[in-house]
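Written out below as structure tokens is the structure these notes cover.
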Amino acid sequence: MIQKEYTAEARLAVPELGAVTWQSPSNIALVKYWGKKPVQLPANASISFTLKNCYTSTKLSFRKADERSVKVFVDGKEQSSFLKKIETFFKRIESYCPYVNHYAFEIETENTFPHSSGIASSASGFSALALCVLSIERKAARLSDADFYRKASFLSRLGSGSASRSIYGPMAVWGRHSNYTESSNDFSIPYHDVHDIFKTYQDTILLVDKGEKKVSSTLGHDLMNDHPFSANRFQQARNHMFELQKILKSGNILDFNRLVEKEALTLHAMMMTSNPYFMLFKPNTLNIIQKIWEKRESDNIPFTITLDAGANVHLLYPAEYKQPALDFIKDELIVYCENEQYICDEVGNGPLLKTQHYA
Ligand code: 2P0
């Protein structure tokens, strides 16, 4: 279904040429999106921390042309391997942004985090690209800021579901949930009803395995369609969204830890029990989790782990525990990280417009 409110006029006076650069962050889900319906609609609502240091910078240059063409440069080198996903994105958005059919595009993109590090680059990458594309429309259509970000989230979702959440900081909710006013399956909304402690949260990402994933997230989502536990899982996620709302407001870290870890382990349990089953955990994923749980017990530090669709462990904690956390990582966890690598990140405020010019 084409939704009229997201559709630009076909005869919009968009610029002849120009270039725009956006910086957009990755995010880490606390209640996970795992399972979807066509096109890019979530089976359950999800909520995430927007990150600060892990981001994609994308410059989109455009010049009017008879038909669309796209070139992609990653770290300055032309890369055709991303073209298929990007073309699918343009195909999905062309009914909402008809002007994309009449430009020659050049996309220059780079990430602050290492390539193939297992950090979700589709979230930062597609949100940055969607923001660039929509910037072409913004002036001509006189979009308000609120409408601009909402449509950017809508378009990002069509590139990658989790990308819709990267548009807003410090937290974002994607998917309709009766307890979250104005939440929608079509786009994310910013979430601010959060105790100050959670606004200081650190996310240190322990890189266990930087290799290419054996099973893509898109396939993992598909496997939820015939999953024997899917109905229970989606109900659990809905309940978790309800419970987390109260926890975020109250600042109860112990309840936060229990819920966030249950979500992470359930995500991977779904993978291990789908048909065909698969496992993204590595031995060092478990080694790290065990060590963190022991440390939490012995030193009474409120560490929490969460996981994305991969082997890396996200260690979450309030900023006041940064030094003990970094000491602990250096002393005890780094041995389990590939090439001793980890990334220090924290909750951030969302995308930034870096440059723009139009003619
Ligand atoms: C999430 N993940 O909520 C979940 C948890 C990974 C684990 O969304 O097919 O790249 O592009 O919509 O968004 C990763 O899946 O999937 C993901 P598509 P996406 O962040």
Side-chain angles (χ1 to χ4, degrees), residues 25-35 46 48-49 51 53-56 111-125 160-163 165-166 201-224 227 233 257 260-296 303-317 325-326 328-346:
S26 190
N27 66 75
I28 181 70
L30 303 174
V31 174
K32 311 288 184 181
Y33 148 58
W34 200 244
S46 57
S48 51
F49 278 143
L51 297 181
N53 302 329
C54 288
Y55 61 80
T56 299
N111 294 333
T112 54
F113 41 98
H115 267 304
S116 310
S117 62
I119 310 298
S121 58
S122 62
S124 54
S160 185
S162 52
R165 296 188 310 243
S166 283
Y201 254 62
Q202 307 292 300
D203 178 5
T204 308
I205 309 162
L206 301 149
L207 300 178
V208 171
D209 183 37
K210 303 195 291 148
E212 187 85 355
K213 270 190 295 187
K214 296 268 184 310
V215 181
S216 71
S217 289
T218 302
L219 179 58
H221 285 292
D222 282 350
L223 292 173
M224 286 305 285
H227 198 292
R233 160 60 196 154
N257 292 354
V260 168
E261 291 191 343
K262 204 197 292 179
E263 270 294 312
L265 296 179
T266 303
L267 168 71
H268 284 260
M270 290 299 108
M271 299 174 192
M272 294 180 204
T273 48
S274 57
N275 186 18
Y277 52 82
F278 62 103
M279 191 189 277
L280 299 180
F281 266 44
K282 298 279 177 187
N284 282 340
T285 310
L286 277 180
N287 283 327
I288 289 174
I289 294 174
Q290 289 296 350
K291 281 278 175 199
I292 292 170
W293 285 353
E294 282 166 26
K295 188 75 174 173
R296 174 164 76 194
F303 288 139
T304 315
I305 63 102
T306 190
L307 303 156
D308 225 326
N312 302 327
V313 180
H314 290 245
L315 177 60
L316 304 178
Y317 49 93
L326 294 178
F328 167 51
I329 289 166
K330 285 197 189 106
D331 293 344
E332 296 189 51
L333 299 183
I334 208 172
V335 292
Y336 302 116
C337 297
E338 195 172 342
N339 299 328
E340 304 198 334
Q341 277 186 292
Y342 60 93
I343 297 173
C344 294
D345 212 335
E346 61 188 74

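For this chain, numbers begin at 1 and follow the sequence in order. Computed from heavy atoms alone, side chains included, the values below leave out hydrogens, waters and symmetry copies.
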* Does any non-hydrogen side-chain atom of Leu30 lie less than 4.5 Å from one of Ser48? -> no
* Asked: Are the side chains of Leu207 and Val313 in touch, meaning some heavy atoms are under 4.5 Å apart?
  -> no
* **salt bridge (charged side-chain N to carboxylate O under 4.0 Å, His left out) evaluation trace for Arg296 with Glu261** => CA-CA 13 Å; Arg296 174 164 76 194; Glu261 291 191 343; 3.0 Å; yes
* Asked: Would you call Tyr201 and Glu346 a side-chain contact if the rule is heavy atoms closer than 4.5 Å?
  -> no
* Can you measure from CE (Met270) to CG (Leu223) and round to the nearest 0.5 angstrom? => 12.0 Å
* Is the side chain of Thr112 donor-acceptor paired with the backbone N or O of Tyr55 at a distance under 3.5 Å, no angle test? -> yes
* **Side chain proximity check, Asp203 to Leu315, heavy atoms < 4.5 angstrom** => no
* Structure fact -> Residues Asn312 and Asp209: closest non-hydrogen pair is OD1-N, 3.2 Å
* Greater than 12 external heavy atoms within 6.0 Å of Met279's CE -> no
* To do: Find out whether His268 and Leu307 are in side-chain contact, i.e. whether some heavy atom of one side chain is under 4.5 Å from a heavy atom of the other.
  => yes
* Atom OG of Ser26 and atom CZ of Phe113: how far apart are they, to the nearest 0.5 Å? -> 5.5 Å
* To do: Look up atom OG1 in Thr56 and atom CG in Asn111, then write down how far apart they are to the nearest 0.5 Å.
  => 3.5 Å
* To do: Would you please say whether a donor-acceptor pair under 3.5 Å links the side chains of Thr266 and Lys32?
  => no
* Quick one: do Tyr342 and Ile205 satisfy side chain to side chain contact (heavy atoms under 4.5 Å, CB included)? Show the steps, please. => CA-CA 5 Å; Tyr342 60 93; Ile205 309 162; over 6 Å; no
* **Steps toward side chain to side chain contact (heavy atoms under 4.5 Å, CB included) verdict (Glu338, Val208)** => CA-CA 5 Å; Glu338 195 172 342; Val208 171; over 6 Å; no
* To do: Write down the atom of Cys344, the atom of Thr204, and the distance for their closest heavy-atom approach.
  => SG-CG2, 4.3 Å
* Asked: Do Trp34 and Ser217 have side chains that get closer than 4.5 Å, going by heavy atoms?
  -> yes
* Say whether, by atom type as modelled, one donor and one acceptor occur between the side chain of Ser160 and the main chain of Ala163 under 3.5 angstrom. => no
* Tell me, do Lys295 and Glu332 make a side-chain contact under 4.5 Å, heavy atoms counted? -> yes
* To do: Apply side chain to side chain contact (heavy atoms under 4.5 Å, CB included) to Leu286 and Phe281, showing your working.
  => CA-CA 7 Å; Leu286 277 180; Phe281 266 44; 3.7 Å; yes
* To do: Apply side chain to side chain contact (heavy atoms under 4.5 Å, CB included) to the pair Met271 and Leu280, showing each step before the final yes or no.
  => CA-CA 8 Å; Met271 299 174 192; Leu280 299 180; 3.7 Å; yes
* Taking all non-hydrogen atoms of both residues into account, name the closest pair between Ala29 and Arg165 and its distance. => CB-NH2, 3.6 Å
* To the nearest 0.5 angstrom, please state how far the CD1 atom of Ile305 sits from the CD1 atom of Ile288. => 10.5 Å
* **Rounded distance (nearest 0.5 Å) linking atom NZ of Lys262 with atom CG of Leu267** => 15.0 Å
* Asked: ring pair (Phe, Tyr, Trp, His ring centres under 6.0 Å) with Tyr317: which residues, sequence neighbours excluded?
  -> Phe303
* Asked: Which value, rounded to the nearest 0.5 Å, describes the distance between His314 atom NE2 and Thr304 atom OG1?
  -> 13.0 Å
* To do: Please report the closest heavy-atom contact between Ser124 and Ser121, naming both atoms and the distance.
  => OG-O, 3.4 Å
* Heavy-atom closest contact (Asn27 atom, Ser162 atom, distance) -> ND2-O, 3.0 Å
* Nearest non-hydrogen partners of Asn53 and Asp345, listed with the distance -> N-OD1, 2.7 Å
* Salt-bridge present (Lys330, Glu340; N to O < 4.0 Å) -> no
* Please collect all side-chain hydrogen bond (donor to acceptor under 3.5 Å, both in side chains) contacts where either partner lies in residues 276-290, sequence neighbours excluded, each pair once. => Asn284-Asn287
